[in-house]
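Counting starts at 1 for both ligands and their atoms, in listed order.
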Amino acid sequence: MPEHLLLDSLNQQQRVALENIDAPVLVLAGAGSGKTQLVTYKYAYLYSSDKKKYGTIMAVTFNNKAAIEMKERITYLLSEDLNNTWIGTFYTLCNRILRQENNLIGLKGDYVIYDVDDQCRLIRHILNDMKIYEALYRGIASKINCFKSTLLSPDDLISSSNNFDFDEKLLKVYVRYQDEMKRSNALDFDDLIIYTINLFLQHPQVLQRYQEQLSYILVDEFQDTSFAQYHFLKLLGCAKRTILVAGDDDQSIYKMRGAENENVLNRFETDFPSTKIINLKQNYRSTENILRVSHSVISQNKCRTPKELWTNRGIGEKVCHYWFMTEEEEAKYVAKNIKDLYLKGSYSYDDIAILYRVNLQSRVIEEALKNERIPFKIIGSACFYQKKEIKDLVAYLKLIVNKDDNVSLRRIINQPPRGIGINTLIKVENEAKREGISLYKTIQQMTQSKGLTGAVKEKLNGLIISLEEISSHEINTLTDAIKLIGSYIGYIETLDECSLNNISELMYSHGKTPLDVFLDTVSLTTLNDDLVTRGYVSLTNLHNVKGLEFAVVFITGLEDGLLPYFKAIDTSEDLNEERRLFYMGMTRAKDILFMTGAKKRRLYAKFQDQEPSRFLKDIPKDCCFWVEKKAVPPSPTSKLQIDKTIPMELPYNTGCRVKHPKWGIGVIRDCYGEENDIKVTVNFPNVGIKRLALKYANLERI
Ligand code: ATP
Ligand code: MG
């Protein structure tokens with residue numbers, strides 16, 4: 001697309017941000033106002049305006065899926081294939097730099113990357129070894145990640161122990177974790193950033209080279225950058241100051257992963273003086289009603305940049321809130337409504353998303369969707385690369401590349417079962433700890449010495465010989481490696497048909513990829529990299545829908561304790577973050593937003609009485625359409641009905657067309673209530689949605 005057409009597709013404020021090349025730009029704007037659009041167009045504009053001057057543009061976004069979409073969009077805009085781009089996440093981009101420069105900072109080139117699952121396995125192992133309650137591993141992983149994303153090493157914590165409120169055990173686990181990572185020649189996600197920062201600080205000439213090479217920096221979702229990520233950007237961007245960052249402080253939702261809203265609110269302007277601040281005011285995504293409701297909620301947060309968004313999409317349908325007696329009724333309602341929307345032909349299934357705060361809420365909804373035969377896909381659940389057979393295979397592949405990878409060795413030592421008992425494993429672990437070497441090297445040494453009995457020695461030796469044999473071959477692609485594992489390790493033949501199909505699928509999609517590239521890709525793929533699939537309703541938790549948009553959105557479980565989540569409301573800042581999460585979820589909706597909740601819900605194995613979410617109080621009554629569904633009382637005549645609320649036959653189904661003497665023709669949206677008190681909700685195209693008592697409404701079925 002020629003430059004002038006790129007500019008014509010943007011509004012005045014977006015154009016100012018795009019054409020401002022020489023000063024740093026901070027786009028601080030609300031949801032759906034075209035920030036991602038601007039970042040994408042600016043890339044295309046810089047690229048096509050002067051390929052030499054802006055040869056290498058770096059664009060950073062929040063996950064691989066968003067990076068792929070951005071690249072596809074730019075390719076489309078430029079009608080040109082882009083090769084070797086610097087479009088990625090902080091992790092993929094830093095990894096690219098480290099793979100290039102590793103020797104300068106004493107990092108072995110064959111380091112492996114530990115994803116969240118590997119990291120948790122390692123922490124569990126450490127807790128177990130230190131006799132600390134193992135179930136705490138997730139919380140500890142999250143705390144360690146927070147330290148790392150704020151650039152706090154164990155030494156920093158020790159030397160300033162007066163200033164930090166941390167417990168000693170946690171610090172010990174952190175120290176041990178870092179040691180184990182080193183011993184395994186492994187880096188976790190935060191390490192990729194930290195090592196790159198260290199590289200730049202220790203080798204200013206390398207930093208300078210990248211500053212020169214990367215002529216413009218574009219960052220989307222800037223509000224969710226951590227302190228470490230910000231530091232990386234600052235180092236790269238401070239020389240030329242050709243940088244644009246786009247974010248919305250109202251959508252900062254990753255405090256638990258170290259995101260610092262401070263980056264967008266103050267830090268950037270301080271570190272990049274004379275920053276041009278751009279506020280985009282037009283929302284292109286949602287109707288007025290959705291904007292009013294979401295704004296009424298988010299405006300309750302203190303310490304935010306006030307923003308008023310406007311839209312020319314019209315007033316739209318009222319936002320609906322439904323309160324049910326049970327979560328089953330809630331789920332049934334959601335499923336039925338989706339079916340109706342689909343049957344009416346208004347929307348296809350992939351226009352619709354059902355959102356919840358925590359994954360365990362999805363079970364009941366899944367049941368209801370299945371009952372209505374609605375195709376759905378859960379985004380962000382165990383993705384393909386998390387399947388057991390794929391994880392096992394990847395552990396073998398990682399070991400082929402890096403024999404010191406202890407987490408992978410622990411994973412496959414008895415996979416397939418080799419009869420290596422717990423006592424042997426403890427012996428190996430203790431020996432490795434004493435010698436300060438990897439498990440693999442320890443096993444190699446132990447199989448040479450007299451410390452083990454004949455049978456055990458043979459089993460361990462068998463594994464080592466197989467891995468050495470595999471490594472002695474020339475391995476280029478993933479297919480080469482899998483074939484060798486098939487020949488030397490009796491693992492693949494132990495798999496069932498479904499697992500074998502998954503391995504075939506992997507070979508089909510990545511077979512020709514070089515092994516090291518494949519390993520980096522798979523390690524850096526996160527759960528929320530799942531794609532929204534065509535033809536399916538998307539089910540996912542609120543955190544996963546950042547940046548996305550759907551015509552129809554259901555936010556379920558709007559109850560105190562779920563949204564806001566009880567584990568995340570210790571401080572007022574926690575509560576603010578929950579509000580931002582709710583806001584972000586609401587602003588995914590383009591046309592219709594439903595919010596639902598239930599009085600009774602099974603949570604963590606017990607039934608709980610729920611209250612509507614406190615956030616609902618902030619919504620002005622007239623902005624929303626409120627319905628409270630009452631339970632249908634059980635009939636005293638039938639024992640069978642005691643536990644079941646069998647709804648009576650209602651005169652109208654959703655979708656029926658009716659005629660009202662004054663408002664004309666309308667479509668039934670809902671019909672509910674008891675025999676003498678039936679209510680209907682009707683959408684009259686010329687008047688809007690009306691809630692009526694059937695006996696006085698004078699409706700005529702047409
Ligand atoms: P979020 O805060 O949710 O990340 P955003 O600010 O990044 O939202 P975009 O996703 O870029 O917003 O844009 C929202 C919608 O508006 C998209 O469908 C996009 O195509 C459309 N859009 C953005 N800018 C324009 C424009 N100038 N003209 C028409 N449509 C636009
Ligand atoms: Mg966006």
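No part of Gln282 comes within 4.0 Å of ligand 1, judged by heavy-atom distances. Contacts between Ser9 and ligand 1, counted as non-hydrogen atom pairs separated by less than 4.0 Å, involve the backbone only.
Geometrically, ligand 1 and Arg588 share a nitrogen or oxygen pair separated by less than 3.5 Å. Considering backbone and side-chain N/O of Gly547, none are found under 3.5 Å from N/O of ligand 1. Checked by distance only, ligand 1 and Leu10 stay at 3.5 Å or farther apart across all their nitrogen or oxygen atoms.
Taking each of Phe62, Tyr41, Tyr284 in turn, the one with a heavy atom nearest to atom 30 (N) of ligand 1 proves to be Tyr284. Around atom 4 (O) of ligand 1, the closest heavy atom drawn from Gln223, Glu221, Lys590 belongs to Glu221. The nearest non-hydrogen atom to atom 17 (C) of ligand 1, considering only Arg285, Glu549, Gln14, comes from Glu549.
The salt bridge (Lys or Arg N to Asp or Glu O under 4.0 Å) test with Asp249 is passed by exactly one of Lys302, Arg267, Arg580, Lys307: Lys307.
Backbone or side-chain N, O or S atoms of Gln37 do not reach the Mg ion (ligand 2) at under 2.8 Å.
The single protein non-hydrogen atom nearest to atom 8 (O) of ligand 1 is Gly32 N, 3.0 Å, given as residue, atom name and distance. Closest protein heavy atom to atom 12 (O) of ligand 1: Gly34 N, 3.0 Å. For atom 5 (P) of ligand 1, the closest heavy atom belonging to the protein is Lys35 N, 3.5 Å. Of all protein heavy atoms, the one lying nearest to atom 19 (C) of ligand 1 is Gln37 OE1, 3.9 Å.
Using modelled atom types, no side-chain atom of Thr61 and backbone atom of Ala67 make a donor-acceptor pair closer than 3.5 Å.
No hydrogens or angles considered: a donor-acceptor pair under 3.5 Å links the side chains of Glu330 and Thr596. Judged by distance alone, the side chains of Tyr333 and Asn337 do bring a donor and an acceptor atom under 3.5 Å apart.
You'll find the side chain of Thr305 stays beyond 4.5 Å of the side chain of Asn279, heavy atoms only.
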